[in-house]
Amino acid sequence: MYALVDCNSFFCSCERVFRPDLKNRPIVVLSNNDGCVVSATKELKDLGIKVGDPYFKVKKICKAKRAAIFSSNFSIYGNMSDRVMNTIKEYSPRSQVYSIDEVFCDLKGVRDIEKHVRMIKQKVLMHTGIPVGIGVARTKVLSKLANHIAKQSSKSKGVVCLTNEELEDIALKRVPISKVWGIGKRSSEKLEIIGIKTAYDFKVYDNEALIQKMLSKVGVQIKHELMGIECFDIADKESAKKTIMCSRTFKDSIVNKDDLKQAISNYINYASLKLRRQGALCTSLSVFARTNAHKIYQPKYYMHEQIKLVNPTNDTRKLISQGVKLIDRGFKDGYEYKKAGAVLGNFFGQSEYQINFLEEQDSVEDQKLMKTVDAINMKIGSDIVRSASCGFDNKVLKIKKNLKSPRYLTSFDELLRFS
DNA sequence: TCTGGGGTCCTAGGACCC
DNA sequence: TCTGGGGTCCTAGGACCC
(Lines give C-alpha, C1' and ligand atoms only; values in the text may rest on other atoms or scores of the structure.)
Protein backbone atom coordinates (compact mmCIF):
# COMPACT_ATOMS: atom_id res chain seq x y z
CA MET A 1 0.00 0.00 0.00
CA TYR A 2 1.07 3.50 -0.81
CA ALA A 3 0.03 6.81 0.70
CA LEU A 4 0.16 10.07 -1.16
CA VAL A 5 0.45 12.96 1.25
CA ASP A 6 -0.34 16.31 -0.33
CA CYS A 7 -0.38 19.74 1.30
CA ASN A 8 -3.60 21.69 0.98
CA SER A 9 -3.17 24.89 -1.09
CA PHE A 10 0.45 24.71 -0.08
CA PHE A 11 1.75 28.23 -0.79
CA CYS A 12 -1.37 29.77 0.75
CA SER A 13 -1.00 27.56 3.82
CA CYS A 14 2.62 28.69 4.19
CA GLU A 15 1.58 32.34 4.14
CA ARG A 16 -1.08 31.56 6.72
CA VAL A 17 1.47 30.04 9.07
CA PHE A 18 3.15 33.44 9.32
CA ARG A 19 -0.11 35.36 9.34
CA PRO A 20 -2.48 33.59 11.75
CA ASP A 21 -4.86 36.54 11.44
CA LEU A 22 -5.70 35.26 7.95
CA LYS A 23 -7.06 32.01 9.35
CA ASN A 24 -10.54 32.58 8.00
CA ARG A 25 -9.72 34.67 4.97
CA PRO A 26 -9.30 33.38 1.43
CA ILE A 27 -5.77 33.68 0.05
CA VAL A 28 -4.17 33.74 -3.39
CA VAL A 29 -0.46 33.59 -4.16
CA LEU A 30 0.74 35.04 -7.46
CA SER A 31 3.65 34.16 -9.73
CA ASN A 32 6.61 36.29 -10.79
CA ASN A 33 5.53 39.86 -11.61
CA ASP A 34 2.15 38.97 -10.09
CA GLY A 35 1.12 37.49 -13.43
CA CYS A 36 -0.67 34.25 -12.63
CA VAL A 37 -2.36 32.51 -9.73
CA VAL A 38 -0.02 29.80 -8.43
CA SER A 39 -2.00 28.87 -5.33
CA ALA A 40 -5.51 29.58 -4.06
CA THR A 41 -7.50 28.45 -1.04
CA LYS A 42 -10.45 26.11 -1.44
CA GLU A 43 -13.24 28.66 -1.20
CA LEU A 44 -11.71 30.52 -4.16
CA LYS A 45 -11.17 27.35 -6.15
CA ASP A 46 -14.82 26.48 -5.55
CA LEU A 47 -15.69 29.79 -7.21
CA GLY A 48 -13.85 28.69 -10.33
CA ILE A 49 -10.40 30.18 -9.76
CA LYS A 50 -7.75 27.82 -11.08
CA VAL A 51 -4.01 27.65 -10.62
CA GLY A 52 -2.51 29.18 -13.76
CA ASP A 53 -5.27 31.73 -14.32
CA PRO A 54 -3.94 35.19 -15.16
CA TYR A 55 -4.55 37.41 -12.18
CA PHE A 56 -6.27 40.21 -14.08
CA LYS A 57 -9.04 37.81 -15.03
CA VAL A 58 -9.84 36.78 -11.47
CA LYS A 59 -9.05 40.03 -9.71
CA LYS A 60 -12.71 40.97 -9.31
CA ILE A 61 -13.68 37.76 -7.53
CA CYS A 62 -10.65 38.03 -5.26
CA LYS A 63 -11.52 41.58 -4.28
CA ALA A 64 -15.17 40.70 -3.75
CA LYS A 65 -14.19 37.87 -1.40
CA ARG A 66 -11.70 40.10 0.44
CA ALA A 67 -8.94 37.65 -0.42
CA ALA A 68 -5.44 38.34 0.87
CA ILE A 69 -3.06 38.61 -2.10
CA PHE A 70 0.59 37.55 -1.89
CA SER A 71 3.51 37.62 -4.29
CA SER A 72 5.26 34.27 -4.20
CA ASN A 73 8.24 33.67 -1.94
CA PHE A 74 9.82 30.40 -2.97
CA SER A 75 12.62 30.34 -0.45
CA ILE A 76 10.06 30.27 2.35
CA TYR A 77 8.01 27.59 0.62
CA GLY A 78 11.12 25.49 0.08
CA ASN A 79 11.95 25.75 3.74
CA MET A 80 8.46 24.84 4.89
CA SER A 81 8.47 21.94 2.44
CA ASP A 82 11.65 20.54 4.01
CA ARG A 83 10.06 20.70 7.44
CA VAL A 84 6.91 18.92 6.27
CA MET A 85 8.92 16.22 4.48
CA ASN A 86 11.21 15.63 7.46
CA THR A 87 8.24 15.18 9.75
CA ILE A 88 6.68 12.66 7.39
CA LYS A 89 9.94 10.74 7.00
CA GLU A 90 10.06 10.16 10.75
CA TYR A 91 6.93 8.04 10.50
CA SER A 92 7.48 6.66 7.01
CA PRO A 93 11.14 6.04 6.25
CA ARG A 94 10.68 4.74 2.71
CA SER A 95 9.23 7.68 0.87
CA GLN A 96 9.64 9.66 -2.31
CA VAL A 97 9.31 13.41 -2.39
CA TYR A 98 7.43 13.97 -5.61
CA SER A 99 7.11 17.73 -5.64
CA ILE A 100 7.39 20.69 -3.31
CA ASP A 101 4.08 19.74 -1.67
CA GLU A 102 3.66 16.01 -2.28
CA VAL A 103 5.28 12.83 -1.04
CA PHE A 104 4.60 9.13 -1.63
CA CYS A 105 5.03 6.81 1.34
CA ASP A 106 5.44 3.06 1.34
CA LEU A 107 3.18 1.61 4.05
CA LYS A 108 4.60 -1.89 3.98
CA GLY A 109 4.34 -3.46 7.43
CA VAL A 110 1.87 -0.95 8.83
CA ARG A 111 -1.01 -2.71 10.62
CA ASP A 112 -3.79 -0.19 11.09
CA ILE A 113 -3.24 1.93 8.01
CA GLU A 114 -6.01 4.46 8.50
CA LYS A 115 -4.96 5.12 12.08
CA HIS A 116 -1.33 5.47 11.03
CA VAL A 117 -1.94 8.01 8.27
CA ARG A 118 -4.31 10.05 10.41
CA MET A 119 -1.55 10.21 12.97
CA ILE A 120 0.87 11.48 10.29
CA LYS A 121 -1.65 14.14 9.28
CA GLN A 122 -1.93 15.22 12.89
CA LYS A 123 1.83 15.34 13.45
CA VAL A 124 2.47 17.43 10.33
CA LEU A 125 -0.16 19.94 11.39
CA MET A 126 1.28 20.12 14.91
CA HIS A 127 4.91 20.47 13.85
CA THR A 128 4.54 22.76 10.85
CA GLY A 129 1.04 24.25 10.83
CA ILE A 130 0.43 22.86 7.33
CA PRO A 131 -2.79 20.89 6.70
CA VAL A 132 -2.44 17.85 4.43
CA GLY A 133 -4.72 15.41 2.63
CA ILE A 134 -3.83 11.72 2.31
CA GLY A 135 -4.88 9.06 -0.20
CA VAL A 136 -4.02 5.39 0.34
CA ALA A 137 -4.23 2.54 -2.18
CA ARG A 138 -2.40 -0.38 -3.80
CA THR A 139 -0.55 1.63 -6.45
CA LYS A 140 0.72 5.15 -6.87
CA VAL A 141 -1.87 6.09 -9.50
CA LEU A 142 -4.65 4.74 -7.26
CA SER A 143 -3.32 6.61 -4.24
CA LYS A 144 -3.30 9.84 -6.28
CA LEU A 145 -6.90 9.15 -7.12
CA ALA A 146 -7.76 8.49 -3.48
CA ASN A 147 -6.08 11.77 -2.60
CA HIS A 148 -8.15 13.55 -5.22
CA ILE A 149 -11.31 12.28 -3.57
CA ALA A 150 -10.04 13.19 -0.12
CA LYS A 151 -9.75 16.78 -1.30
CA GLN A 152 -13.32 16.90 -2.53
CA SER A 153 -15.24 14.99 0.08
CA SER A 154 -15.70 16.77 3.37
CA LYS A 155 -16.93 13.50 4.87
CA SER A 156 -13.47 11.96 4.48
CA LYS A 157 -11.85 14.54 6.78
CA GLY A 158 -8.81 14.59 4.55
CA VAL A 159 -8.08 10.86 4.41
CA VAL A 160 -9.32 8.28 1.89
CA CYS A 161 -8.13 4.66 2.08
CA LEU A 162 -8.99 2.33 -0.77
CA THR A 163 -8.19 -0.90 1.02
CA ASN A 164 -9.99 -3.36 -1.25
CA GLU A 165 -11.04 -3.62 -4.88
CA GLU A 166 -14.68 -2.96 -4.13
CA LEU A 167 -13.82 0.43 -2.64
CA GLU A 168 -11.47 1.08 -5.54
CA ASP A 169 -14.21 0.54 -8.09
CA ILE A 170 -16.62 2.84 -6.27
CA ALA A 171 -13.93 5.52 -6.34
CA LEU A 172 -12.94 4.90 -9.96
CA LYS A 173 -16.52 5.36 -11.11
CA ARG A 174 -16.66 8.77 -9.47
CA VAL A 175 -13.56 10.16 -11.11
CA PRO A 176 -13.62 11.50 -14.69
CA ILE A 177 -10.84 10.18 -16.91
CA SER A 178 -9.26 13.62 -17.23
CA LYS A 179 -8.56 13.66 -13.48
CA VAL A 180 -6.46 10.50 -13.55
CA TRP A 181 -2.78 11.18 -12.88
CA GLY A 182 -0.91 11.19 -16.19
CA ILE A 183 -4.01 11.59 -18.36
CA GLY A 184 -4.08 15.19 -19.50
CA LYS A 185 -6.24 17.17 -21.86
CA ARG A 186 -5.13 15.55 -25.12
CA SER A 187 -5.27 11.99 -23.88
CA SER A 188 -8.64 12.35 -22.21
CA GLU A 189 -10.09 13.79 -25.43
CA LYS A 190 -8.86 10.77 -27.32
CA LEU A 191 -10.17 8.33 -24.72
CA GLU A 192 -13.57 9.97 -24.63
CA ILE A 193 -13.92 9.35 -28.36
CA ILE A 194 -13.73 5.60 -27.75
CA GLY A 195 -16.26 5.84 -24.95
CA ILE A 196 -13.97 6.04 -21.92
CA LYS A 197 -15.41 8.69 -19.64
CA THR A 198 -14.39 7.62 -16.15
CA ALA A 199 -11.34 6.06 -14.53
CA TYR A 200 -13.40 2.88 -14.17
CA ASP A 201 -14.16 2.77 -17.93
CA PHE A 202 -10.43 2.96 -18.55
CA LYS A 203 -9.65 0.21 -16.04
CA VAL A 204 -12.05 -2.29 -17.65
CA TYR A 205 -11.38 -1.38 -21.29
CA ASP A 206 -10.09 -4.52 -22.92
CA ASN A 207 -8.25 -3.37 -26.06
CA GLU A 208 -4.80 -2.69 -24.68
CA ALA A 209 -3.15 -2.63 -28.09
CA LEU A 210 -5.28 0.36 -29.02
CA ILE A 211 -4.36 2.16 -25.80
CA GLN A 212 -0.69 1.52 -26.56
CA LYS A 213 -1.17 3.00 -30.01
CA MET A 214 -3.08 6.05 -28.79
CA LEU A 215 -1.22 6.90 -25.60
CA SER A 216 2.06 4.98 -25.90
CA LYS A 217 3.64 2.83 -23.24
CA VAL A 218 2.82 5.26 -20.46
CA GLY A 219 -0.92 5.01 -21.16
CA VAL A 220 -0.82 1.24 -20.73
CA GLN A 221 1.12 1.58 -17.50
CA ILE A 222 -1.46 3.99 -16.08
CA LYS A 223 -4.22 1.54 -16.98
CA HIS A 224 -2.36 -1.28 -15.24
CA GLU A 225 -1.88 0.83 -12.14
CA LEU A 226 -5.64 1.48 -12.06
CA MET A 227 -6.08 -2.31 -12.23
CA GLY A 228 -3.86 -2.66 -9.18
CA ILE A 229 -0.73 -3.80 -11.05
CA GLU A 230 2.29 -1.86 -9.87
CA CYS A 231 4.25 -0.15 -12.64
CA PHE A 232 5.70 2.84 -10.82
CA ASP A 233 7.89 1.98 -7.89
CA ILE A 234 8.98 4.35 -5.15
CA ALA A 235 12.36 5.69 -6.08
CA ASP A 236 13.63 6.52 -2.63
CA LYS A 237 16.95 7.99 -3.57
CA GLU A 238 16.50 11.56 -4.59
CA SER A 239 17.68 11.61 -8.15
CA ALA A 240 19.72 14.39 -9.69
CA LYS A 241 17.99 16.79 -12.02
CA LYS A 242 18.46 16.00 -15.69
CA THR A 243 17.77 19.51 -16.82
CA ILE A 244 18.28 22.73 -14.98
CA MET A 245 16.73 25.94 -16.13
CA CYS A 246 16.51 29.52 -15.07
CA SER A 247 14.06 31.62 -17.04
CA ARG A 248 12.11 34.76 -16.31
CA THR A 249 9.45 36.91 -17.82
CA PHE A 250 10.27 40.58 -17.52
CA LYS A 251 7.84 42.94 -15.92
CA ASP A 252 8.56 45.64 -18.48
CA SER A 253 9.75 44.94 -21.97
CA ILE A 254 13.48 45.13 -22.43
CA VAL A 255 14.62 47.29 -25.32
CA ASN A 256 18.27 47.63 -24.43
CA LYS A 257 20.83 45.06 -25.46
CA ASP A 258 23.02 45.65 -22.46
CA ASP A 259 20.14 44.99 -20.11
CA LEU A 260 19.50 41.75 -21.91
CA LYS A 261 23.15 40.74 -21.66
CA GLN A 262 23.16 41.49 -17.97
CA ALA A 263 20.04 39.42 -17.45
CA ILE A 264 21.45 36.47 -19.39
CA SER A 265 24.65 36.58 -17.38
CA ASN A 266 22.70 36.47 -14.15
CA TYR A 267 20.60 33.53 -15.29
CA ILE A 268 23.65 31.58 -16.38
CA ASN A 269 25.21 32.21 -12.99
CA TYR A 270 22.15 30.96 -11.22
CA ALA A 271 21.78 27.85 -13.38
CA SER A 272 25.50 27.08 -12.96
CA LEU A 273 25.14 27.41 -9.21
CA LYS A 274 22.33 24.86 -9.15
CA LEU A 275 24.40 22.56 -11.33
CA ARG A 276 27.39 22.72 -8.96
CA ARG A 277 25.22 22.26 -5.88
CA GLN A 278 24.12 18.94 -7.26
CA GLY A 279 27.73 18.08 -8.02
CA ALA A 280 26.89 17.36 -11.63
CA LEU A 281 28.33 18.04 -15.05
CA CYS A 282 26.34 19.08 -18.06
CA THR A 283 26.56 18.15 -21.69
CA SER A 284 24.97 21.18 -23.23
CA LEU A 285 23.96 24.70 -22.54
CA SER A 286 21.21 26.61 -24.24
CA VAL A 287 19.95 30.14 -24.25
CA PHE A 288 16.65 31.40 -25.51
CA ALA A 289 14.78 34.66 -25.71
CA ARG A 290 11.44 35.50 -27.20
CA THR A 291 8.84 38.20 -27.63
CA ASN A 292 5.45 38.11 -25.96
CA ALA A 293 3.73 34.96 -27.26
CA HIS A 294 0.31 36.22 -26.23
CA LYS A 295 0.40 39.10 -28.69
CA ILE A 296 -0.42 37.11 -31.76
CA TYR A 297 -0.64 40.00 -34.23
CA GLN A 298 2.72 41.52 -33.44
CA PRO A 299 6.08 40.61 -34.90
CA LYS A 300 7.66 37.63 -33.26
CA TYR A 301 11.19 36.85 -32.43
CA TYR A 302 12.46 33.61 -31.00
CA MET A 303 16.09 32.89 -30.64
CA HIS A 304 17.51 29.65 -29.39
CA GLU A 305 21.15 28.61 -29.35
CA GLN A 306 22.63 25.46 -27.97
CA ILE A 307 26.16 24.24 -27.56
CA LYS A 308 27.38 20.83 -26.61
CA LEU A 309 30.03 20.67 -23.98
CA VAL A 310 30.89 16.98 -23.96
CA ASN A 311 29.41 13.83 -25.33
CA PRO A 312 29.49 11.25 -22.59
CA THR A 313 27.50 8.61 -24.41
CA ASN A 314 29.85 8.45 -27.39
CA ASP A 315 33.32 9.33 -26.33
CA THR A 316 33.54 8.54 -22.71
CA ARG A 317 31.65 5.30 -22.46
CA LYS A 318 34.36 3.59 -24.45
CA LEU A 319 37.10 5.13 -22.38
CA ILE A 320 35.39 4.30 -19.12
CA SER A 321 35.08 0.70 -20.22
CA GLN A 322 38.83 0.76 -20.68
CA GLY A 323 39.22 1.91 -17.11
CA VAL A 324 40.11 5.52 -17.89
CA LYS A 325 39.09 8.10 -15.33
CA LEU A 326 37.67 11.20 -16.91
CA ILE A 327 37.54 14.71 -15.73
CA ASP A 328 35.48 17.42 -17.34
CA ARG A 329 38.23 19.85 -18.22
CA GLY A 330 35.87 22.31 -19.74
CA PHE A 331 33.96 22.74 -16.58
CA LYS A 332 37.11 23.08 -14.57
CA ASP A 333 39.00 25.74 -16.41
CA GLY A 334 36.22 27.76 -17.90
CA TYR A 335 37.04 26.75 -21.45
CA GLU A 336 33.46 25.73 -22.11
CA TYR A 337 32.25 28.98 -20.69
CA LYS A 338 34.18 30.68 -23.45
CA LYS A 339 32.35 28.55 -25.93
CA ALA A 340 29.11 29.62 -24.29
CA GLY A 341 30.26 33.18 -24.80
CA ALA A 342 30.67 32.50 -28.49
CA VAL A 343 27.09 31.30 -28.65
CA LEU A 344 25.89 34.49 -27.10
CA GLY A 345 28.12 36.26 -29.57
CA ASN A 346 26.11 34.77 -32.41
CA PHE A 347 22.96 35.96 -30.79
CA PHE A 348 24.17 39.48 -30.34
CA GLY A 349 25.90 39.63 -33.68
CA GLN A 350 29.39 39.97 -32.28
CA SER A 351 32.34 37.75 -32.76
CA GLU A 352 32.68 37.03 -29.11
CA TYR A 353 30.80 37.89 -26.02
CA GLN A 354 32.49 37.66 -22.69
CA ILE A 355 30.44 36.34 -19.83
CA ASN A 356 31.46 37.47 -16.41
CA PHE A 357 31.12 34.58 -14.08
CA LEU A 358 30.91 35.99 -10.64
CA GLU A 359 32.46 33.11 -8.76
CA GLU A 360 33.16 35.30 -5.79
CA GLN A 361 29.48 35.68 -5.09
CA ASP A 362 29.24 31.96 -4.48
CA SER A 363 29.63 30.67 -0.96
CA VAL A 364 32.83 29.04 0.18
CA GLU A 365 31.03 25.75 -0.01
CA ASP A 366 30.15 26.32 -3.65
CA GLN A 367 33.70 27.27 -4.47
CA LYS A 368 34.87 24.09 -2.85
CA LEU A 369 32.39 22.18 -4.92
CA MET A 370 33.81 23.81 -8.02
CA LYS A 371 37.25 22.62 -7.06
CA THR A 372 36.17 19.11 -6.35
CA VAL A 373 34.79 18.92 -9.83
CA ASP A 374 38.20 17.52 -10.84
CA ALA A 375 37.53 14.68 -8.53
CA ILE A 376 34.17 13.89 -9.96
CA ASN A 377 34.41 11.12 -12.46
CA MET A 378 32.49 11.53 -15.62
CA LYS A 379 29.22 9.79 -15.13
CA ILE A 380 27.14 8.23 -17.81
CA GLY A 381 23.44 7.79 -18.45
CA SER A 382 20.92 9.23 -16.11
CA ASP A 383 23.48 10.62 -13.73
CA ILE A 384 24.43 13.27 -16.25
CA VAL A 385 22.61 16.54 -16.40
CA ARG A 386 21.83 16.92 -20.05
CA SER A 387 21.59 20.64 -20.20
CA ALA A 388 21.64 23.79 -18.21
CA SER A 389 19.34 26.27 -19.78
CA CYS A 390 19.36 29.92 -19.15
CA GLY A 391 16.60 31.79 -20.77
CA PHE A 392 13.89 34.31 -20.98
CA ASP A 393 10.34 34.18 -21.90
CA ASN A 394 7.92 36.81 -23.11
CA LYS A 395 8.12 40.51 -23.36
CA VAL A 396 11.74 40.77 -24.31
CA LEU A 397 11.01 43.79 -26.38
CA LYS A 398 8.44 46.43 -26.69
CA ILE A 399 7.04 46.63 -30.18
CA LYS A 400 5.11 49.72 -30.99
CA LYS A 401 4.05 49.04 -34.54
CA ASN A 402 0.76 47.27 -34.94
CA LEU A 403 0.84 44.77 -37.73
CA LYS A 404 -2.17 42.95 -39.06
CA SER A 405 -0.41 39.65 -39.41
CA PRO A 406 2.51 38.12 -37.58
CA ARG A 407 5.89 38.68 -39.04
CA TYR A 408 8.93 36.74 -38.02
CA LEU A 409 12.09 38.68 -37.53
CA THR A 410 15.42 37.03 -37.97
CA SER A 411 17.77 38.95 -35.75
CA PHE A 412 17.92 40.90 -32.59
CA ASP A 413 19.03 43.98 -34.52
CA GLU A 414 16.08 43.80 -36.84
CA LEU A 415 13.83 43.57 -33.84
CA LEU A 416 15.48 46.62 -32.30
CA ARG A 417 14.81 48.59 -35.47
CA PHE A 418 11.18 47.65 -35.13
CA SER A 419 10.83 48.89 -31.64
C1' DT B 1 -3.29 47.22 -19.77
C1' DC B 2 -2.33 42.85 -17.23
C1' DT B 3 -0.98 35.65 -19.06
C1' DG B 4 4.85 31.73 -14.31
C1' DG B 5 8.79 28.76 -13.72
C1' DG B 6 10.17 24.92 -13.40
C1' DG B 7 10.57 19.63 -14.58
C1' DT B 8 9.93 14.32 -16.74
C1' DC B 9 9.36 10.77 -20.28
C1' DC B 10 8.26 8.89 -24.92
C1' DT B 11 8.28 8.61 -30.02
C1' DA B 12 9.32 9.43 -34.81
C1' DG B 13 12.53 10.42 -38.04
C1' DG B 14 17.04 11.59 -39.81
C1' DA B 15 22.05 10.89 -39.97
C1' DC B 16 25.35 7.79 -39.84
C1' DC B 17 27.75 3.24 -39.61
C1' DC B 18 28.94 -1.59 -41.22
C1' DT C 1 24.03 2.58 -62.60
C1' DC C 2 21.90 -0.53 -59.70
C1' DT C 3 20.95 -1.83 -54.42
C1' DG C 4 19.65 -4.57 -48.37
C1' DG C 5 19.35 -5.07 -43.81
C1' DG C 6 20.72 -4.26 -39.46
C1' DG C 7 22.00 -1.21 -35.96
C1' DT C 8 23.05 3.23 -32.94
C1' DC C 9 22.68 7.86 -31.69
C1' DC C 10 20.70 12.34 -31.64
C1' DT C 11 17.11 15.81 -32.02
C1' DA C 12 12.67 17.95 -32.15
C1' DG C 13 8.35 17.86 -30.64
C1' DG C 14 4.46 16.25 -27.97
C1' DA C 15 2.29 15.18 -23.76
C1' DC C 16 2.23 15.27 -19.11
C1' DC C 17 3.17 16.91 -14.09
C1' DC C 18 3.25 20.56 -10.04
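Numbered from 1 within each chain, the chains take letters A, B, ... in sequence-line order.
- In this model, a donor atom of one side chain and an acceptor atom of the other lie less than 3.5 Å apart for A:Asn73 and A:Ser75.
- In this structure, CD1 of A:Ile183 is placed 12 Å from C1' of C:dC17, rounded to the nearest angstrom.
- With hydrogens and angles disregarded, a donor-acceptor distance shorter than 3.5 Å links the side chain of A:Ser13 to the backbone of A:Ser9.
- At least one donor-acceptor pair under 3.5 Å links the side chain of A:Asp201 to the backbone N or O of A:Lys197.
- By the 30° and 60° cut-offs, the orientation of the rings of A:Tyr98 relative to A:Trp181 is perpendicular.
- Taking every side-chain heavy atom of A:Phe56 into account, B:dC2 is the closest of B:dC2, C:dC18, B:dG4.
- Residue A:Tyr55 is classed as having no contact, given no heavy-atom separation below 4.0 Å to the nucleic acid.
- Side-chain proximity of A:Pro54 to the nucleotides B:dG4, C:dC17, B:dT3 is greatest for B:dT3.
- Heavy atoms of A:Val58 sit nowhere under 4.0 angstrom from any nucleic acid atom.
- Rounded to whole angstrom, the span from the NZ atom of A:Lys50 across to the C1' atom of B:dT3 amounts to 13 Å.
- Note: NZ (A:Lys60) to P (B:dC2) measures 17 Å, nearest angstrom.
- A:Lys121 places a side-chain N or O within donor-acceptor distance of the main-chain N or O of A:Val132, the cut-off being under 3.5 Å.
- Between A:Asn32 atom CG and B:dC2 atom P the separation is 16 Å, expressed in whole Å.
- Distance A:Lys179 NZ to C:dC16 C1': 14 Å, rounded to the nearest Å.
- At distances below 3.5 Å, not a single donor-acceptor pair connects side-chain atoms of A:Asp34 with backbone N or O atoms of A:Tyr55.
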Contact letters for nucleotides 6-11 of chain B, in which S counts primed atoms plus P, OP1 and OP2 and B counts the base, heavy atoms under 4.0 Å: SSSSSS
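- Atom CH2 in A:Trp181 sits about 8 Å away from atom P in C:dC18, given to the nearest Å.
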Which atom pairs link the protein and nucleotides 13-15 of chain C when you take only N or O atoms and keep those under 3.5 Å?
none

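- No contact: A:Ile100 has no heavy atom under 4.0 Å from any strand.
- As judged by a 4.0 angstrom heavy-atom cut-off over every strand, A:Asp34 is placed among residues making no nucleic acid contact.
- Ring pair A:Phe202/A:Tyr205: centre-to-centre distance not below 6.0 Å.
- Judged by distance alone, the side chain of A:Ser188 and the main-chain N or O of A:Ser178 form no donor-acceptor pair under 3.5 Å.
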Paired and unpaired positions of DNA chain B as dot-bracket, Watson-Crick or G-U wobble under 3.5 Å, | denoting a partner strand: ....||||||||||||||
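- Listed for the A:Asn147 side chain is a donor-acceptor partner under 3.5 Å among the backbone atoms of A:Leu4.
- By the neighbour-count criterion of 12 heavy atoms within 6.0 Å, atom CZ of A:Arg186 is sparsely surrounded, having that number or fewer from other residues, nucleotides or ligands.
- Both tests do not hold together for A:Lys140 against A:Phe232: distance to the six-membered ring centre under 6.0 Å, angle to the ring axis within 45°.
- Regarding A:Asp53, its CG atom lies at a distance of 14 Å from the P atom of B:dT3, rounded to whole Å.
- The backbone N or O of A:Val141 lies less than 3.5 Å from a partner atom in the side chain of A:Glu225, making a donor-acceptor pair.
- Straight-line distance from the OH atom of A:Tyr77 to the C1' atom of C:dC18: 15 Å, rounded to whole Å.
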